[in-house]
Structures are given as C-alpha cells and as structure tokens.
Amino acid sequence: QVQLVESGGGLVQAGGSLRLSCAASGRTFSNYAMGWFRQAPGKGREFVATISWSGSTTYYASSVKGRFTISRDNAKNTVYLQMNSLKPEDTAVYYCAAAASWYGSSSRREYEYDYWGQGTQVTVSS
C-alpha cells in the first residue's frame with residue numbers, strides 16, 4: 001500500500017502561483033511513477049502531468065504545458081506540482097496518484113494509477 005497526502009491548495013487570483021505537494025508513505029516511493037489529475041465541478045477527472053520514477057521524464061496535458069511543472073524528491077518521498085499563470089479554468093480538486101507501471105506519455109488514464117490521494121482544492125478567482 002502507498003498512502004498519498006496532498007497539500008498546498010488554496011484560493012489565488014488569476015495570474016498567481018501555487019505549489020502543490022504530495023507526500024507518500026508505505027512502499028518505496030522511487031518504485032512508482034507519479035501523476036497529477038484534477039476534477040472541476042461537474043466534470044470528470046482529467047490528466048494534468050506525470051513524472052517517471054527517477055524524475056528525468058515528464059509529460060503534461062496541453063492545457064497546462066508551459067505553466068505547470070511536475071517534479072519529485074525521492075529522498076523526501078514527495079512529488080510537487082508548481083502552477084504558474086493560473087487561470088479560473090484551473091479551478092478544481094487536484095489529486096496525486098502513484099503508478100507501479102509507467103508508459104511514459106501514454107500514462108494519462110486514471111486506471112493506470114494504483115494509489116490516489118484525497119485531493120486538495122485549488123480555486124482561481126478572476
């Protein structure tokens with residue numbers, strides 16, 4: 001089992017920044033690729049970004065590419081999502097997830113991830 005706890009969400013004005021963190025515990029963190037997803041009110045959960053076990057490879061949804069950066073610190077068992085130039089349409093609950101198997105740019109589907117956090121709310125005001 002891997003337990004994931006997100007933090008860092010909050011209310012920010014459009015154009016602002018937030019950094020989300022996801023702390024992992026349980027099994028060896030570096031054995032899992034990690035991803036961030038989000039779910040806006042009334043919508044399904046969508047892929048945001050994913051990062052390889054070592055952190056050397058990352059992929060992003062087109063809607064956030066160039067604004068968001070995913071990173072990880074395996075020594076701290078933590079994955080991050082730096083969000084810049086936030087827009088009202090970025091408002092959502094953000095979830096981190098861990099995947100034992102990783103398919104690079106194809107790892108964008110919920111079912112490919114084995115463990116999920118409880119989510120953290122991000123609200124961007126206009």
* **Pairing residues for Asn74 by the side-chain hydrogen bond (donor to acceptor under 3.5 Å, both in side chains) criterion, not counting sequence neighbours** => Arg72
* To do: Output the distance between atom CD (Glu6) and atom CD (Gln121), rounded to the nearest 0.5 Å.
  => 12.0 Å
* Interatomic spacing from OH in Tyr94 to CG in Leu18 - rounded to 0.5 Å -> 9.0 Å
* Could you walk me through whether Ile51 and Thr57 pass the side-chain contact (heavy atoms from CB on, under 4.5 Å) test, one step at a time? => CA-CA 6 Å; Ile51 188 167; Thr57 305; over 6 Å; no
* Asked: Do the side chains of Trp53 and Met34 get nearer than 4.5 Å, heavy atoms only?
  -> no
* Asked: Would you call Leu20 and Val122 a side-chain contact if the rule is heavy atoms closer than 4.5 Å?
  -> yes
* Scan Tyr59, Trp102, Tyr103 and name whichever one has a side chain to side chain donor-acceptor pair (under 3.5 Å) with Thr50. => Trp102
* Asked: Can we call the ring centroids of Trp36 and Phe47 under 6.0 Å apart?
  -> no
* Asked: Between Ser85 and Ser17, which heavy-atom pair has the shortest distance, and what is it?
  -> N-OG, 4.3 Å
* Asked: Which class fits the ring pair Tyr113 and Phe37: parallel under 30°, tilted 30 to 60°, perpendicular over 60°?
  -> perpendicular
* Using atom types as modelled and distance alone, determine if a side-chain donor or acceptor of Thr91 lies under 3.5 Å from a backbone N or O of Glu89. => no
* Tell me the disulfide (SG to SG under 2.5 Å) pairs involving residues 75-126, sequence neighbours left out? -> Cys22-Cys96
* Could I get the full list of side-chain hydrogen bond (donor to acceptor under 3.5 Å, both in side chains) partners for Gln82, not counting sequence neighbours? => Asn84
* Can you list the steps and then say if Met83 with Val12 is a side-chain contact (heavy atoms from CB on, under 4.5 Å)? -> CA-CA 11 Å; Met83 305 186 295; Val12 63; over 6 Å; no
* Looking at OH of Tyr115 and CD of Gln3, how far apart are the two atoms once the value is rounded to the nearest 0.5 Å? -> 8.5 Å
* Would you say Leu4 and Tyr95 make side-chain contact, with heavy atoms under 4.5 Å? -> no
* Is there a side-chain contact between Leu81 and Arg38, using heavy atoms and a 4.5 Å cut-off? -> no
* Structure fact -> Closest heavy-atom pair, Leu11 versus Ser125, reported as atoms and distance to 0.1 Å, is CD1-CB, 4.3 Å
* Identify the two heavy atoms, one from Ser126 and one from Ala14, that lie closest to each other, and give their separation to 0.1 Å. => CA-CB, 4.4 Å
* Is there a side-chain contact between Phe68 and Val48, using heavy atoms and a 4.5 Å cut-off? -> yes
* pair Glu46-Arg108: side-chain heavy atoms closer than 4.5 Å -> no
* To do: Report the distance from atom CG of Asp73 to atom OG of Ser21, rounding to the nearest 0.5 Å.
  => 10.5 Å
* Does the cation-pi check pass for Arg27 over Tyr32, that is, NZ or CZ under 6.0 Å from the six-membered ring centre and within 45° of its axis? -> no
* Under a 4.5 Å cut-off applied to non-hydrogen side-chain atoms, are Thr120 and Val93 in contact? -> no
* Asked: Side chains of Ser54 and Ser56: is there a donor and an acceptor less than 3.5 Å apart?
  -> yes
* **Val2 with Phe29, same ILVMFWY side-chain cluster at under 4.5 Å** => yes
* To do: With the side chain counted from C-beta on, respond yes when Gln118 and Val5 share a heavy-atom pair under 4.5 Å apart, and no when they do not.
  => yes
